[in-house]
Amino acid sequence: MTERYRPQEIEKKWQERWEAEGLYRTDMYSATPKHYFLTMLPYTSGDLHVGHWYAMAPSDAAARYRRMRGFNVFFPMGFDAFGLPAENAAIKQGEHPHKWTYDNIQRMRAQLKTMGAMFDWSHEAVSADPQYYRWNQWFFLKFFEKGLAYRKKAPANWCPKDQTVLANEQVLPDGTCERCGTPVTHKDLEQWFLRTTAYADELLDFSQMDWPEQVMSMQRNWIGRSEGLEVAFGLDVAGVEQKELRVFTTRPDTLFGVTFMVLAPEHPLVEEITTPEQKAEVDAYVEQARKQTEVERMSTDREKTGVFTGAYCRNLLSGENAPIWIADYALAWYGTGAVMGVPAHDQRDFEFAQKFGLPVRMVIAPPDWNGAPLEEAYIEPATMVNSGRFDGLPSEEGKAAISDYVEQQGWGKRTITYRLRDYLISRQRYWGTPIPMVHCPKHGIVPVPEDQLPVLLPEDAEFKPTGESPLVRHEGFVNVRCPKCGGPARRETDTMDAFMDSNWYFIRYLSPDYDGGPVDPDLARRWLPVDQYTGGVEHAVMHLLYARFFWKAIRDMGLVAGAEPFLRLFNQGQILGPDGQRMSKSRGNVVAPDEQVSRYGADTFRCYLMFIGPWDEGGPFGLQGIAGIERWLNRVWNIVLKPPQLVEGGEDSRRIRHLTHSTIRRATEDIEGFRFNTMIAALMEMANGLSQAREGGAVDRAAWQEASEALLLMTAPLAPHIAEELWSRSGRTGSIHQQAWPEWEADLAREEEVTLVVQVDGKVRDRIQVTAGIEEGRAKELALSSPHVQKYLDGKAVRRVIYVPGKLVNIVVR
Ligand SMILES: [Zn+2]
Ligand SMILES: [Zn+2]
């Protein structure tokens with residue numbers, strides 16, 4: 001029994017045995033407390049890469065740990081299979097998206113299985129299966145019924161390369177398409193929306209979840225709630241029916257400082273109010289603004305541009321007229337699409353006024369203002385001036401007083417606006433869920449009756465992008481009978497954005513074959529919400545926000561219960577290429593996991609990924625550290641299989657037991673906090689300590705056995721194959737993955753303490769209690785910060801600090 005550790009010989013064997021025995025199949029009806037551990041499902045645009053391993057292997061370790069802690073853990077896996085990237089990749093490969101996607105799924109599933117994870121494959125869900133997307137359509141009908149899905153014409157983000165509209169969330173901060181990197185433009189189209197804004201306030205309540213602050217703050221900013229006043233300005237332009245122009249402001253206290261008005265170039269009034277003299281210039285500007293991305297338009301540091309419309313509006317408070325301009329920094333969808341120009345107290349307005357020679361009127365006086373012209377806008381709250389009856393009020397009181405006055409006069413009302421827009425879900429592309437609606441010439445939009453779902457995506461469609469849905473040209477798909485009157489009608493040809501699929505995949509996992517509804521209600525009651533979710537922070541204002549909205553909407557329909565879908569979230573970092581750059585095919589720095597697995601074994605590769613740094617930080621991939629992992633696993637192998645000579649009542653018992661129990665404590669605390677790297681470091685130290693003890697001769701039997709078993713149990717979640725092999729080889733019965741996590745005894749785990757004498761220039765000034773193995777740097781630091789020592793150091797330069805390990809720190813100042 002002195003064989004060497006050869007991962008390739010044991011890993012496949014255990015994977016097959018686990019599968020045959022159904023070891024990781026969750027008993028969905030068990031009375032044991034449930035723990036739903038979810039890791040984001042992979043997208044099927046190509047092979048599995050090392051980034052998937054980086055996300056999933058540590059998740060698997062954490063899920064296995066929960067199971068050893070006595071929970072009935074559900075850890076499912078599936079495939080996010082619809083959408084642009086898969087479709088684009090298929091077109092590039094000259095394949096049908098269906099074939100391409102399902103071939104990928106087969107390969108990815110096989111690749112995933114080499115990880116040895118405890119995924120319960122009997123619950124796999126694939127979003128491109130009709131039995132899955134049928135329920136997307138069903139949800140859509142429910143949303144429509146509740147007024148949460150609607151169709152309207154709107155200027156939409158348009159990706160000229162993908163030939164489709166995009167949701168706001170899918171336009172990256174640099175104004176490019178999240179899918180392909182092309183700069184996004186705008187286009188007016190009839191589109192389907194989900195009313196995410198109906199839940200804006202509830203989405204701002206993060207009190208029922210334990211999420212990283214970063215993600216919550218990104219969602220908070222994205223929703224962008226602001227309280228203010230919507231106020232009318234008088235409009236008196238010959239031939240224009242509309243008699244007022246409404247603006248939203250968070251600074252009613254600056255209303256007397258308005259010296260111009262800015263409309264978004266897309267504002268419907270622009271065409272009506274523009275004077276004939278200004279028309280050519282205005283038209284040219286509108287045309288050019290439409291080509292800009294939103295991010296370019298909102299950027300604060302770019303040169304301001306704009307054109308005067310020739311029209312004026314009247315400030316009802318001051319009675320003065322203000323010229324109406326158009327400028328691209330006003331956005332049609334934000335507030336009312338109009339911005340009041342207060343150059344004295346808004347920097348953007350200030351720059352605009354400077355550029356076009358518009359007056360700057362001070363209405364909030366800076367405390368030390370000497371009357372000189374401003375060099376930049378004064379944006380702080382202070383005392384109101386030049387504001388008629390409101391002079392002398394501090395800003396906050398002024399806001400309230402002006403708001404009251406405006407409301408009394410009937411000129412406007414207090415209101416709340418959000419940056420969040422409704423979620424645009426139509427796509428003019430092939431590879432997605434057909435939207436289950438029919439357009440009847442007599443009845444308008446008519447939902448497809450529930451019993452006619454799914455509306456199948458025809459496989460024989462010509463799917464290349466053209467700017468309108470490819471389904472438009474599929475006669476058999478398009479031509480239908482109206483469900484209401486039976487007359488000829490046309491099917492909706494847009495498909496749903498693939499984020500619709502990922503909104504609820506974790507719900508479908510519970511009962512992927514259930515056909516009485518999206519989920520078996522009994523299982524939904526037992527298993528939802530998700531206890532722990534892991535995934536990348538790049539999903540903060542897309543998937544993670546949409547899924548929260550979706551959950552709240554279907555909760556209000558009685559389909560699920562609870563405030564939030566994902567109680568606890570952990571964001572892993574990103575693994576980079578060996579060059580420190582994001583891995584991508586074009587850079588040629590993608591590391592394929594398969595090669596590493598066949599070379600080092602899955603266990604070594606899993607542990608290596610967990611060891612390279614804190615999991616939430618990610619970092620560059622480089623194999624420098626992998627030899628250390630191999631050495632450690634070999635040590636574990638030898639400790640379990642080749643024990644030293646064992647004796648009863650060995651004198652090293654206490655020392656070994658301390659090593660065992662203090663390691664259990666460290667490892668437990670670390671894995672609870674997803675600190676796999678320090679957990680592995682602790683297990684390495686323990687393995688080293690035990691190896692040394694063995695070389696020292698006979699070892700206490702009970703202490704050794706306790707140690708080697710604890711080490712093996714703690715290795716199990718990280719390196720499941722070797723742990724199982726050693727469990728079996730050492731004559732233990734059952735699977736190690738069904739054992740309990742070891743407990744530590746506080747008394748044994750406690751670090752031994754010693755007393756350090758602290759001297760200043762050779763005279764004893766303090767005694768401090770420290771742990772026996774304290775590092776030199778830490779000991780010196782503690783000695784220097786002792787208040788008793790500080791007295792003697794006061795104002796003197798420390799020349800030297802001498803440390804005698806475990807005994808003494810002498811500080812030399814003389
Ligand atoms: Zn694109
Ligand atoms: Zn009809």
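In this chain, numbering begins with 1 at the start of the sequence shown. First listed ligand is number 1; within each ligand, the first listed atom is number 1. Below, each value reflects all heavy atoms present in this structure, side chains not excepted, and no hydrogens, waters or symmetry copies.
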Given the Zn ion (ligand 2) as the apex, I'd like the angle to ND1 of His443 and SG of Cys482, rounded to 10 degrees.
120°
Nearest-0.5 Å distance that lies between atom CZ in Arg481 and atom SG in Cys440
10.5 Å
Phe143 ring center within less than 6.0 Å of Phe550 ring center
yes
Parallel, tilted or perpendicular, judged at 30° and 60°: which one describes the rings of Tyr505 and Tyr509?
perpendicular
N/O/S from Asp162 sitting under 2.8 Å away from the Zn ion (ligand 1):
yes
Return the orientation label for the Trp192 and Phe140 ring planes: parallel under 30°, perpendicular over 60°, tilted otherwise.
perpendicular
With the Zn ion (ligand 1) at the apex, how many degrees lie between SG of Cys177 and SG of Cys180, rounded to 10 degrees?
110°
